[in-house]
Amino acid sequence: MLVDWLYVAVFGVVGVLLAVLPLAIVWLISPRGEYPQKLLTYESGVVPFGQAWSQFNVRYYLFSLAFVLFDVEVIYLYPWAIVFKELGAVAFMEMFVFLAILFLAFIYAWRKGALEWV
Amino acid sequence: MSWALEILKASLYAVIVFTFAAVFAAMLGVYLERKISGWIQARVGPKHVGPQGILQTVADTIKLLQKENIVPRNADFLVFSTAPLIVTVAALLGYVVIPWGKLGDWILIVRDLNIGVLYFAAVSSLIVIGILTGGWSSNNKYALLGGLRSASQLISYELPLGFAIISVAMMAGSLSTVDIVNAQRDVWFVFKQPLAFLIFLIAAAAETNRIPFDLPEAESELVAGYFAEYTGMRFALFQLGEYAEMLAMAAMTTVLFLGGWRGPWLPPILWFFIKTYAVVFFFMWVRWTYPRLRIDQLLNLSWKVLLPLGLLNILGTGLVVTLAR
């Protein structure tokens, strides 16, 4: 069991090393030359003004908020999906109630316009 | 001692899988993409390097190895350099649980995790972190927009993807990829769960940022989106991550719905690759046939169509399985 996750960890570490390897080769053999225009941010040829790190549309946050809600729901569904065959009709009814409540919340969010992109 | 041996074995597997992903997913994938797009658009595609241009992507890789790595002056250097690594490693991690086939009794899988498909969904969603940080750290307005779009798109389509996976897990009674393939001994799940299959395919295309869901890249409006500022090998790592993820998603479609390595006459490995590349071909076919969606259409499709459908599919599956017991 623990060995399984050892493999995953080794995959992560070796993956990083193997991805760094071509970057190291590039560092060794690539040409280098710096002048101000080259290090400029590319914005279709126009000299960029200001920073890109500024305020942006709040809608992206709204969707991530709705996502957190439903992602937690999905996490609860996983263990249920594995064992519900053994637990029988009671487990199914309980999950039905759980999903129905969430579905109501979903319809509420929909009606309130939280899922609209304006 | 045994731990050292296991680590050595795991490292060897990692090197093999990484090489496999680089050659079969990225190099062959890009070549196939260019050839198929050429075929669909009634032109020839790459032709000059090697027979039928098969060595074109090798030549491209060698070219990219000689390119300078430019970091824009305004970029956040540390985050800028880490982002491509996150994307590549996250795509690679998904390969741990893919069963490639069977030789006798030996199943060709790195590790048969008991929560295999959940693990796959979890690590493939790590890609969004790489894309978002890459877009943000470039300090480029196009890149930031691409990164933000990608964040909202990937998280929106993760939910339908999860619902489709859960419907399959309910039928198989397990989250291990090997058990799911074994559960399809008689009937493939694509016939028992056609709706989940459709949802999974659409969500998989969206998760891999492919047209009609390629808003994060959107060449014609955002230059190249989140990787607009990346050059040379860092750009190549993003490409590698993207194509590796596409092959992993196609392989997962095969495992979940198309019976994995099962099939008559031919050896199991061959069956797995035929099915996987058929799904890859489907993704490419869609890419070169449909135009890009608008962002409101994209989010509506996920939240107002796929999500309720996925939920109803789970309830329907639960009802049928409970009643049939």
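Just so we're clear, the structure is a prediction, and the values are computed from it rather than from any experiment.
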Could you check which of [options] has the highest count of heavy-atom pairs closer than 4.5 Å to chain B?
options: A:Leu102, A:Val8, A:Ile25, A:Val13; value: A:Val8
options: A:Leu28, A:Val16, A:Ile29, A:Leu77; value: A:Leu77
options: A:Ala109, A:Pro31, A:Gly15; value: A:Pro31

So what's closer than 4.5 Å to chain A heavy atoms on [X]: side chain, backbone, both or neither?
X: B:Leu307; value: side chain
X: B:Tyr95; value: neither
X: B:Ser11; value: both
X: B:Leu323; value: neither

In sequence, state the C-alpha distance, the side-chain angles, and the governing distance for B:Val117 and B:Val97, and then conclude on side-chain contact (heavy atoms from CB on, under 4.5 Å).
CA-CA 8 Å; B:Val117 274; B:Val97 292; over 6 Å; no
Tell me if the aromatic rings of A:Trp110 and A:Phe106 count as close, with their centers under 6.0 Å from one another.
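Yes, ring centres under 6.0 Å apart.
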Kindly state whether the ring of B:Phe80 and the ring of B:Tyr230 have centres lying under 6.0 angstrom apart.
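For B:Phe80 and B:Tyr230, the ring centres are under 6.0 Å apart.
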With a 3.5 Å cut-off and no angle check, do the side chains of B:Asn114 and B:Ser176 form a donor-acceptor pair?
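No donor-acceptor contact under 3.5 Å links the two side chains.
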B:Thr317 side chain to B:Gln193 side chain, donor-acceptor N/O pair below 3.5 angstrom
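Per modelled atom types, B:Thr317 and B:Gln193 side chains form a pair under 3.5 Å.
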Considering only heavy atoms, which portion of [X] lies under 4.5 Å from any heavy atom of chain B: side chain, backbone, both, or neither?
X: A:Tyr7; answer: both
X: A:Ile82; answer: both
X: A:Ala66; answer: both
X: A:Trp27; answer: neither
X: A:Phe92; answer: side chain
X: A:Leu18; answer: both

At what distance, to the nearest 0.5 angstrom, does CD1 of B:Ile127 lie from CG of B:Leu154?
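The distance works out to 8.0 Å.
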Under the side-chain contact (heavy atoms from CB on, under 4.5 Å) rule, what do B:Val87 and B:Leu237 come out as? Steps first, then yes or no, please.
CA-CA 8 Å; B:Val87 172; B:Leu237 284 180; over 6 Å; no
